[in-house]
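Structure first, then comments.
Reckoned from all heavy atoms, side chains included, excluding hydrogens, waters and symmetry mates. One-based numbering, in listed order, for ligands and for the atoms of each. None of these values were measured; they are calculated from a predicted model.
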Amino acid sequence: MLIDSHAHLDSPRYADDREAMLHRAAESGVAAVLAIGIGESPAEMHQALDICREFNGKPGMPRLYASAGIYPHNAAEADEAAQAKLDSLLSQPEVIACGEIGLDYYHEGASHPVQREGLICQLKIAAARKRPILIDCRPKDGETDAWDDLFEVLDEHWASTGLGGVMHCFGGGWEQARRSLDQGFLISFAGNLTYPKAQPLRDVAARVPIDGVLVETDAPWLAPIALRGKRNEPAFVTQTAQTLAELHHVSPEAIADATTKNFTRLFDLRV
Ligand SMILES: [Zn+2]
C-alpha cells in the first residue's frame with residue numbers, strides 16, 4: 001500500500017479519464033493520493049477538494065485528500081478574497097495541507113519579495129488552521145538562493161508552530177535535507193529520482209532516514225524514467241518507490257510501509 005503524496009488530479013489532462021486513472025492507481029496498490037489544490041490560479045484552489053468529494057466513497061478508488069494554496073508565481077493574486085478562500089478551504093476536514101507554497105527562483109514570474117510575502121501570509125493562515133505545509137522550493141541552477149531565503153522565512157514564521165510539512169519534489173542537497181528534517185519536514189521524492197542524471201539526488205535520498213521520506217508523482221508532470229515525457233499519473237508512484245527501496249537496500253514493501261506511516265503521522269490520519 002503506497003501513498004502518492006502529491007498529484008495534480010484537477011489537471012485538465014485528466015478530463016477524459018480521471019475515474020479510470022484513479023482505478024489504475026488503486027490497482028497498482030496506491031491506497032491514498034493527496035490532490036494538490038493550486039489550480040492555474042487562486043480561483044481554482046477548490047478543485048482538488050471537489051475531486052475528493054466526487055470520488056471518495058466510490059468502490060475501487062484510492063482514498064483522496066486535498067490541499068489548498070497559492071503557488072509562488074501566483075503570489076501577486078493572494079489578495080484578501082484569495083486569503084479568505086484559502087482559510088475557508090483549510091477548515092474542511094478533507095483539506096489536510098496548505099500548499100504547494102514556497103519560493104521558485106528558477107522560473108520567471110513573481111518577484112522574489114512578492115513570493116516571500118505570499119508565502120509568509122499563507123504560513124499564518126496555515127498555522128491558525130493547524131495544517132502542515134507543502135513546500136515548493138526551486139533555486140536558480142547551481143545556486144541555493146531560494147533555499148537560503150526559504151529557511152530564513154521558516155525559522156521566523158513556521159518553526160515555532162511545530163506543524164512541519166513536506167519538502168515536495170525535493171531537489172536540494174544534503175545540507176537542505178538535513179535542515180528540513182531538523183524542522184520536522186518530510187522529504188518527498190518524485191519521478192526525477194529515477195532519471196539517469198539524478199545521481200546527486202539519489203546520493204541525498206540514500207542518506208535521508210527512512211522515517212523522513214515520502215514518495216510522490218507530481219502528476220501529470222515528471223513521469224519516471226520508463227515513461228519519461230508521457231503524462232504521469234498516481235499509479236506510476238510505484239517506480240519511484242522501487243528506486244528509493246534500492247537506494248536504501250530494503251524491499252519495496254518496506255518503503256511502502258514507511259512512507260505510509262510517515263504520511264499518516266504528519267497529517268494525523270488513520271488510513
Ligand atoms: Zn506540484
Side-chain angles (χ1 to χ4, degrees), residues 2-14 18 21-22 25 30 32-52 62 64-75 77-78 86 89-90 95-107 109-110 115 118-119 122 126 131-139 146-147 150 165-172 180 185-195 198 201 213-224 227-237 239-240 259 263 266-267:
L2 271 166
I3 296 181
D4 180 355
S5 68
H6 192 113
H8 296 264
L9 299 183
D10 63 334
S11 166
R13 294 172 73 183
Y14 302 121
R18 192 171 283 113
M21 175 268 291
L22 291 170
V30 175
V33 181
L34 177 48
I36 303 304
I38 55 168
E40 291 291 326
S41 76
E44 298 179 356
M45 250 190 295
H46 61 281
Q47 291 181 162
L49 174 60
D50 287 355
I51 287 171
C52 286
L64 302 183
Y65 298 98
S67 76
I70 300 163
Y71 189 68
H73 287 304
N74 297 119
E77 298 165 64
L86 174 60
L89 284 166
L90 293 182
V95 185
I96 60 173
C98 177
E100 58 191 279
I101 60 177
L103 300 173
D104 177 356
Y105 295 175
Y106 179 81
H107 298 99
Q115 290 191 40
L119 171 61
Q122 294 184 84
R131 294 296 194 265
I133 51 176
L134 313 175
I135 290 288
D136 176 60
C137 184
R138 189 100 192 255
W147 284 110
L150 175 72
V166 178
M167 292 300 178
H168 129 75
C169 191
F170 186 77
S180 303
F185 279 79
L186 297 174
I187 312 279
S188 184
F189 294 100
N192 54 334
L193 188 70
T194 66
Y195 294 174
L201 183 60
V213 294
L214 293 176
V215 284
E216 65 172 72
T217 54
D218 203 14
W221 300 288
L222 280 177
L227 300 143
R228 192 169 184 178
K230 299 221 172 92
R231 187 189 72 170
N232 200 3
E233 59 179 64
F236 304 155
V237 77
Q239 296 180 36
T240 301
T259 51
F263 187 90
L266 176 67
F267 295 111

Atom OH of Tyr106: over 12 foreign heavy atoms under 6.0 Å: no
Whether His73 and His107 hold their rings parallel, tilted or perpendicular, with breakpoints at 30° and 60°: perpendicular
Metal site the Zn ion (ligand 1), protein N/O/S atoms found under 2.8 Å: 4
Those residues that, when tested against Tyr105, pass side-chain hydrogen bond (donor to acceptor under 3.5 Å, both in side chains) (two or more places apart): Asp149
Between CD on residue Gln122 and CD1 on residue Ile70, distance to nearest 0.5 Å: 4.5 Å
Those residues that, when tested against Arg228, pass salt bridge (charged side-chain N to carboxylate O under 4.0 Å, His left out) (two or more places apart): none
Which residues share a ring pair (Phe, Tyr, Trp, His ring centres under 6.0 Å) with Phe170, sequence neighbours left out: Trp147
